[in-house]
Visitor: 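So that we are looking at the same thing, I have put the structure below in structure tokens.
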Amino acid sequence: LSNAAGLERWLGEDVTLAEVGRAVARLRADSAVEGMRTSVMTHIAWVPEPWLDKAHAALAGMGERHPSRTIVLVPDSDAGTNRIDATASLERYAIPGVEQNICTEVVELRLLGTRAKAPASIVEPLLISDLPVFLRWRGEPPWGTPELEQLVDLTDRLIVDSTEWDDVPYPYRHLVQLFERTAVSDIAWARTSRWRMLLASLWPGIADVRTIRVRGTAAQAQLLAGWLRSRLERDDIALEHVEAERLEAVELDGESAAFPPGDPPLPSDVLSDELDRFIRDRVYEDAVRATIV
Amino acid sequence: LSENPLEEGLSLRRTPDPCALVIFGASGDLTHKKLMPALYALMVRRLLPPRFAIVGVARTEADDDAFRNDMKEAVQQHARDDFRDDVWEELAANMRYVATDFADEGGENKLEQLVDELDKENNLGGNRVYYLAVPPVAFATIVDVLGKRRSNAKGWTRLIVEKPFGHDLASARDLNAMLEEHFTEDQIFRIDHYLGKETVQNMLALRFANGIFEPIWNRQFVDHVQITVAESIGIEGRAGYYESAGAIRDIFQNHLLQLLALTAMEPPIDFTADSVRNEKVKVLRALHTPGPKSVVRGQYGRGYIEGVEVPAYREEEGVAPDSMTETYVAAKLFVDNWRWADTPFYVRMGKRLARRETTIAIQFKRAPHPPFEETSAEGLRPNVLIVHVQPDEGVSLAIGAKVPGQGLQIRTVHMDFLYGGAFRTGMPEAYERLILDTLLGDGTLFTRADEVQEQWLLVDSIVAAWQRDRPGFPNYAAGTWGPPSADDLLHRDGRSWRRH
């Protein structure tokens, strides 16, 4: 995949959404001769300031894999002023073998002060009609707050990474409340998929497993245990967790499972895969429910 | 608990069974340029079976190491992925070579011994894929030997047969009969590599996954269809083959008729091999034999390609100076069924045309009564849906739009969907898909015996009419869009070939 070349960038302080819309349209019109616009979704990212660098890294190149309008919302309720600052830019990617480029749009909005309280009203005017809306929420969502509730209602798929949360499995109680409202993806869950395939291959030998011991993040440990409990329809499977930054080992009743083949995928690959899914993941939902024993 | 509950929701990809792939014609161009790069691409994506062996067979004397080096170079030169030593080592680990000629007595014993050895070492379960990348004259001996040996073998056996599949209906029938003597239809995979192309398969997605096209995909709304398979290259040193084949056997008999069948077929009830092929063969059966006036043939003379003067066909090495082989065919075809009656399918294909392009264009009827002044819609052309098979893979739709400003001026504009723009995963080469499908035993994208025979039946009837006259060749200059008589073919109907 080639690297993006920024065409032009527009910056505005204390802007209206109409100004943002006009700026994006102007950038696009200026680049019409250089590239075509293709979109498969609107991709919203809710990124509190501490997550911003990580978010930028994961988003780099995402527009190339999933041509979309990306709207990055950076909330700062404590800014001491109430306004929206914006940058809008186009990223251009060469299409291999064809003398054409595609352009994707990235709009970053800093929601200062009270302007962070009603994000749906800010995002709605910028959505691309008729295409699915994906919402990537960095960190633990503020359960029950208006900003989360509003954005969930306009989203087709919410993507979280429960490894970013403290005290799992407790926050999962809140997450299950969203399952009937939007499809949910969890990067922590996606990162267990190679291990789940491996454990599935041990069936039926593991039908009576009593204890699963996981060296990895707390979220991965909880989700793997929840997965076994829900799939095997047994709530008596105990979890032992050893903290590690990534999923490194799984033991079932004291026996180590072999390390799955291949390298673990990059963060941008995992996010990219989740952006290709459109339906509810019932197996994940069952696993999350089963973490709360 | 009988079914594995842990598998639910996991995206388990179908992995082919362990097997040995035996390539006859391993020293040939196809193996170097297409097969080995495709196998490498499948290895990169971990789509090959976990236990897999490749055996190259050819007459050239060489050993395993020389063969591996040769194949390594081929991959480095032609693969679409970056070369990685670790991937190559894995692929080459079970790669062997046999120098043999099946015409020699006992030639096949060497091969069988080696494959059995590999099978035992790697536990391949007796599964074999034989790839016949050899000229048709060599088919019979190989198929005969393989067939006789097969009867006492365990595991499954599949046979991939490259084009050309016969030279006419009689030879195709003989070939089919010979194959069927030893193999069943579900073991035979006749390659038409066009069917492995993403954009050709997208024709099925476009038609049957969208509710808006199929209701108007018929004689009520479609004025006519144009299919173009144009090449700017010449015969590239293949005079021996091309002199006896010509454009009608090289392109029309296989690729072009397959494109037409996919465009005109009824929706299959599912995507199994037989459902899809049943529908395609119905189209081929419904094709009306065109009269002599509905077929135009041509042969290129000197001309210019990309500013460089190129020789006439008759001046190419190995071509007879008075050759009557056609390098261009255009035809008006009719599919005589309920959906398409009286809707012409104009097809054209040729070498040394103005540019390389394969497209299928569905031209719809004009709006019945445009309520605009005549002058305001002067620039308006009928709606055309164009499937770009290659290059610029994608779909475009020509629609009328108002030119901004005072008054009402209408112009034709194109909406483009470019494959590479929306999906950024890289397009697999046709051979990757076709080899993988064979390993999985899925024959959907291969041609069945009855399809091939229907295709030859049509070709034979066209060629029979050609015996009666001698056109003045050459009749088009290299680098143009074919002979003027091809334009007349459409002008007579008040139509013209799509402008480019």
Side-chain angles (χ1 to χ4, degrees), chain A residues 1-2 35-41 61-68 93-104 189-190 192-204 206-209 227-228 230-234 261-262 272-273 276-277 279-287, chain B residues 1-15 43-51 79-82 84 86-87 90 197-199 209-212 355-357 388-397 404 413-429:
Chain A
L1 298 176
S2 59
M36 57 195 275
R37 174 188 181 219
T38 303
S39 305
V40 294
M41 69 174 87
M62 202 57 63
E64 182 174 19
R65 293 197 222 182
H66 302 272
S68 55
Y93 302 95
I95 302 174
V98 180
E99 285 174 22
Q100 285 222 44
N101 295 307
I102 52 160
C103 289
T104 62
W189 170 252
T192 64
S193 77
R194 295 188 312 144
W195 289 87
R196 279 182 281 127
M197 269 184 218
L198 183 106
L199 296 176
S201 70
L202 303 177
W203 173 265
I206 61 167
D208 298 322
V209 64
W227 172 65
L228 280 183
S230 57
R231 285 302 101 204
L232 300 176
E233 295 180 14
R234 286 176 41 209
S272 175
D273 284 351
D276 273 334
R277 285 180 228 283
I279 52 167
R280 283 174 69 170
D281 183 348
R282 304 277 181 181
V283 176
Y284 168 68
E285 293 177 5
D286 291 346
Chain B
L1 291 169
S2 55
E3 281 198 16
N4 184 350
L6 301 176
E7 279 188 350
E8 196 181 332
L10 288 178
S11 54
L12 295 174
R13 233 175 357 213
R14 271 182 75 198
T15 321
M43 187 54 128
V44 169
R45 289 161 187 78
R46 309 221 142 262
L47 295 170
L48 291 176
R51 298 191 300 279
R80 69 181 170 107
D81 301 293
D82 291 337
R84 277 173 48 187
D86 56 330
V87 175
E90 214 176 324
K197 288 180 186 285
E198 286 286 323
T199 31
N210 295 295
I212 57 167
R355 70 168 188 226
R356 172 175 170 257
E357 173 188 310
H388 302 270
V389 175
Q390 64 184 18
D392 301 350
E393 292 87 348
V395 178
S396 40
L397 180 64
V413 294
H414 267 219
M415 288 201 305
D416 289 323
F417 153 70
L418 211 57
Y419 245 84
F423 306 111
R424 311 288 294 165
T425 49
M427 303 263 268
E429 288 284 325

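Because the structure is a prediction, the values reported are computed rather than measured.
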Visitor: Is the backbone of A/A200 close enough, under 3.5 Å, to the side chain of B/N4 for a donor and an acceptor to pair up by distance?
Guide: yes

Visitor: By salt bridge (charged side-chain N to carboxylate O under 4.0 Å, His left out), which residues pair with B/R51, not counting sequence neighbours?
Guide: none

Visitor: Between atom CH2 of A/W227 and atom CD of B/E8, what is the distance when rounded to the nearest 0.5 Å?
Guide: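 Rounded to the nearest 0.5 Å, the CH2-CD separation comes to 11.0 Å.
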
Visitor: Looking at B/D82, I'd like to know if its CG atom is crowded, meaning that more than 12 non-hydrogen atoms belonging to other residues, nucleotides or ligands lie closer than 6.0 Å.
Guide: no

Visitor: Tell me whether the count of non-hydrogen atoms from other residues, nucleotides or ligands lying under 6.0 Å of CG in A/D208 goes above 12.
Guide: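 No, because the 6.0 Å sphere around CG of A/D208 holds 12 heavy atoms or fewer from other groups.
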
Visitor: Dump the intermediate steps for side chain to side chain contact (heavy atoms under 4.5 Å, CB included) on A/L202 and B/L6, then the final yes or no.
Guide: CA-CA 9 Å; A/L202 303 177; B/L6 301 176; over 6 Å; no

Visitor: Rounded to the nearest 0.5 Å, what's the gap from CZ on A/R231 to CD on B/E7? Could you check?
Guide: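 A/R231 atom CZ to B/E7 atom CD measures 12.0 Å (nearest 0.5 Å).
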
